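Worksheet: one structure, shown below.
Quick note on labels: first sequence line is chain A, next is B, and so on, each numbered from 1. Keep in mind it's a predicted model, so treat the numbers as computed, not measured.
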Amino acid sequence: MGDLRRTKYCGELSVKDAGSRVVLMGWVNRHRDFGDLIFIDLRDRTGIVQVVCESGGSREAFERAKRVKPEYVLAVVGTCQKRAPGKENPNMATGEVEVIASEIRILNAAKTPPFPIRDEAEADETLRLKYRYLDLRRLPMQRNLELRHKASMVIRNYLSSRGFWEIETPMMTRSTPEGARDYLVPSRLEPGKFYALAQSPQLFKQLLMVSGIDRYFQLARCFRDEDLRADRQPEFTQIDIEMSFVDEEMIFELVEGMVRALWKEVLGVELATPFPRITYREAIARYGSDKPDTRFGMEIRDITDVVKNSNFGVFRDTAASGGTVSAICVPGYAKATRHELDSLSLRAKALGAKGLVFISYLSGEVRSAVKKYLSEAEMTGIKDATGAKEGDLVVIAAGPIDLTVSVLGRIRLDLGARLGLIPEGRYNFLWVTQFPLLARNQETGEWEAAHHPFTSPVLEDIEGQDFSDEAKARIRARSYDLVLNGVELASGSIRIHRRDLQEKVFSLLGLSPEEAREKFGFLLDAFEYGAPPHGGIAFGLDRFVMMMAGASTIRDVIAFPKTARAACLLTDAPSRVREEQLRELGISVTKDKALVSGENSDQNDR
RNA sequence: GGAGGCGUGGUGUAGCUGGUCUAACAUACGUGCCUGUCACGCACGAGAUCGCGGGUUCGAAUCCCGUCGCCUCCGCCA
């Protein structure tokens with residue numbers, strides 16, 4: 001670029017710059033060659049501006065413009081000019097002006113890209129990931145990265161202004177038995193031993209509270225070796241927060257302030273606080289989900305009492321065996337075709353329900369396969385309980401409570417989306433509180449901590465000595481999730497800081513003092529030296545930014561994401577390593593595993 | 001671990017109830033023409049054997065089996 005220095009970004013030019021000399025640096029987005037007149041759309045991260053070269057103008061600039069191709073890197077010297085009347089382009093942010101080139105330097109040529117660098121027309125994601133650096137040239141992707149940067153800055157500034165210190169904690173740490181599968185890092189100095197990449201800074205942030213740090217936060221990279229989803233990557237970023245001498249209300253107030261600041265400063269949207277709250281039990285009962293989407297109604301209604309004595313065997317038996325008969329009312333869907341109802345039933349069965357019962361409130365006629373079994377009073381009872389009106393469809397499921405409401409909850413979401421009942425452009429934040437403290441592991445049948453083993457129970461729930469399974473299931477935790485439009489954004493709890501309470505919880509988990517010591521010894525040690533009451537929360541930053549950007553996958557707000565098989569298509573990670581590296585670590589790869597991975601990764605071989 | 005979807009010139013798609021498919025369309029690419037375009041236009045040209053392997057068949061992009069990759073969901077993971 002020689003002695004040239006950029007004076008303006010492409011997207012910044014406006015009529016205010018008319019008449020002034022500008023120096024631009026950027027990529028050729030498109031060029032239109034009319035023989036004696038050439039237009040070049042020059043692009044940088046701020047936007048695109050039109051550069052004009054005429055054969056009657058600078059000869060050298062014109063000759064260079066002739067040779068230009070898409071994605072060439074140029075320096076353009078010229079005069080910004082208001083476009084002639086009728087020549088403006090209202091579809092372009094800089095469409096009122098253009099730059100008459102007096103000098104063009106080709107700073108670098110470029111091969112024809114493997115896919116067009118355009119805002120719209122998305123290429124196959126495999127290609128986009130392989131050539132991520134080209135994909136990221138697209139303005140919408142740059143907007144996402146910019147949004148993410150701004151969000152991080154707002155968060156840092158907000159938390160700092162509230163007295164929080166950003167402190168880094170180890171990424172290489174000790175493997176703990178709880179939670180997700182660990183990514184392991186072999187130790188060279190102690191062959192056979194391993195570090196684990198941190199799943200979260202959980203234990204360290206609690207130790208910092210013991211240290212008297214009082215208020216800590218970190219934008220922390222976390223690693224979990226579990227299967228991926230549209231909103232899950234093997235490495236992701238948490239906004240991790242912990243503070244001392246707090247209760248739930250103080251955490252809620254802090255977080256609401258942070259989210260308000262984010263929405264205002266990044267999106268220009270004013271949010272109402274405090275956010276609504278709902279207990280876990282109520283969320284499950286009303287929405288069949290612990291992360292309800294409250295942007296639309298169609299809540300679940302329990303109609304067990306209405307039909308428990310009916311002549312319909314399924315309802316009667318379910319009620320008698322302690323199950324539930326529950327229903328949702330789908331507005332305006334009485335006209336659903338037989339086929340549509342069948343596919344709903346199929347979906348319900350796939351989710352584990354026995355089936356569905358429908359009641360259609362057509363004009364002047366109520367249609368249902370179970371009408372003949374139900375009394376007038378029972379039919380009226382159902383209509384009243386569900387609030388069904390003419391034109392509505394009532395969907396009923398019967399069975400064990402947990403399963404039944406969760407199936408109805410899914411059906412509710414499916415139908416809400418399919419029938420367009422979910423309003424766009426709304427941000428329904430919701431606190432879900434008091435999750436169960438314990439949950440049964442599906443495979444082993446053992447009781448485990450639902451959140452993590454240092455979560456404080458609601459004290460009144462663990463008074464007394466009744467530790468039956470039923471009593472265990474009823475113990476509530478002082479935990480909370482922040483939900484936005486049905487997506488879980490954050491999760492946290494008030495922690496246990498007293499030894500007697502911790503021991504009680506360990507015993508509920510079936511952990512002997514010796515086992516507890518072996519697993520969490522260093523934390524328990526620390527807690528004996530004066531741990532303050534404390535609590536915190538952790539946000540999924542990627543999901544947060546995804547919601548703000550209106551993206552449908554977390555990958556669109558991560559610069560270099562991995563595929564569903566946790567591979568990086570750009571660098572071809574994971575890759576094999578040299579035999580020598582393994583030997584140094586005292587590691588040998590089992591034959592059967594190596595064979596499989598060898599066949600899968602032939603591209604890695606060179 | 002399971003279920004489903006997709007894989008065709010550089011890119012995006014059509015074809016896929018087997019045979020004029022000797023693979024079509026758009027766009028990008030190359031050459032030429034054009035002084036007001038902004039998805040510039042026009043003309044000409046080059047470019048894929050249909051992810052890979054096997055099978056059925058006289059004949060396979062098309063049917064079957066296997067396999068690889070990408071995506072979505074369940075399990076898993078907060």
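- Less than 6.0 angstrom separates the ring centroid of A/W431 from the ring centroid of A/F252.
- Partners of A/F429 according to the ring-ring contact (aromatic ring centres under 6.0 Å, His included) rule, which considers only residues two or more places apart in sequence or in another chain, are A/W263, A/F275.
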Could you run down the sub-3.5 Å N/O contacts of the protein with nucleotides 11-14 of chain B?
unit_1 : atom_1 : unit_2 : atom_2 : d
B/G12  : OP1    : A/D124 : N      : 2.8

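- With sequence neighbours excluded, no residue forms a salt bridge (Lys or Arg N to Asp or Glu O under 4.0 Å) with A/K130.
- Here salt bridge (Lys or Arg N to Asp or Glu O under 4.0 Å) pairs that include residues 427-440 of chain A, with residues two or more places apart or in two chains, are A/R440-A/D469.
- Near RNA chain B, meaning a heavy atom under 4.0 Å from it, residues 79-97 of chain A has A/R83, A/K87, A/E88, A/N89, A/M92 in order of number.
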Under 3.5 Å, which protein N or O atoms sit close to an N or O of nucleotides 46-49 of chain B? Give each pair with its distance.
none

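- Checking A/R555 against A/F39, the closest nucleotide of RNA chain B that is more toward the 5' end is the one next to A/F39.
- Taking A/E256 as the reference, nothing meets the salt bridge (Lys or Arg N to Asp or Glu O under 4.0 Å) condition, with sequence neighbours excluded.
- When the ring-ring contact (aromatic ring centres under 6.0 Å, His included) test is applied to A/H452, the partners found at least two apart in sequence or on another chain are A/F454.
- Heavy atoms of A/Q202 sit nowhere under 4.0 angstrom from any nucleic acid atom.
- In this structure the side chain of A/V51 never reaches within 4.5 angstrom of the side chain of A/D41, judged on heavy atoms.
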Enumerate the protein-to-nucleotides 26-33 of chain B contacts in which both atoms are nitrogen or oxygen and the separation is below 3.5 Å.
unit_1 : atom_1 : unit_2 : atom_2 : d
B/G30  : OP1    : A/K69  : NZ     : 3.2

Close N or O pairs between protein and nucleotides 75-78 of chain B (under 3.5 Å):
unit_1 : atom_1 : unit_2 : atom_2 : d
B/G75  : N7     : A/R229 : NH2    : 2.7
B/G75  : O6     : A/R229 : NH1    : 2.9
B/G75  : O6     : A/R229 : NH2    : 3.2
B/G75  : N1     : A/D227 : OD2    : 2.7
B/G75  : N2     : A/D227 : OD2    : 3.2
B/C76  : O2'    : A/E226 : OE1    : 2.6
B/C76  : O2     : A/R232 : NH2    : 3.1
B/C76  : N3     : A/R232 : NH1    : 3.2
B/C76  : N3     : A/R232 : NH2    : 2.8
B/C76  : N4     : A/R229 : NH2    : 3.3
B/C76  : N4     : A/R232 : NH1    : 3.1
B/C77  : O2     : A/R232 : NE     : 3.4
B/C77  : O2     : A/R232 : NH1    : 2.7
B/C77  : N3     : A/R232 : NH1    : 3.2
B/A78  : OP1    : A/A180 : N      : 3.4
B/A78  : O2'    : A/E488 : OE2    : 3.2
B/A78  : O2'    : A/S491 : OG     : 3.3
B/A78  : N1     : A/A450 : O      : 3.0

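- Residues passing the ring-ring contact (aromatic ring centres under 6.0 Å, His included) test with A/Y287, sequence neighbours excluded: none.
- For A/E103, the CD atom is densely surrounded, since the number of other residues' heavy atoms within 6.0 Å is greater than 12.
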Without placing hydrogens or testing angles, list every side-chain donor-acceptor pair under 3.5 Å for residues 10-19 of chain A, not counting sequence neighbours.
unit_1 : atom_1 : unit_2 : atom_2 : d
A/E12  : OE1    : A/Y9   : N      : 3.3
A/S14  : OG     : A/K16  : N      : 3.3
A/D17  : OD1    : A/K8   : NZ     : 3.4
A/D17  : OD2    : A/S14  : N      : 3.0

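- Distances shorter than 4.0 Å separate none of the side-chain N or O atoms of A/R32 from OP1 or OP2 on B/U37.
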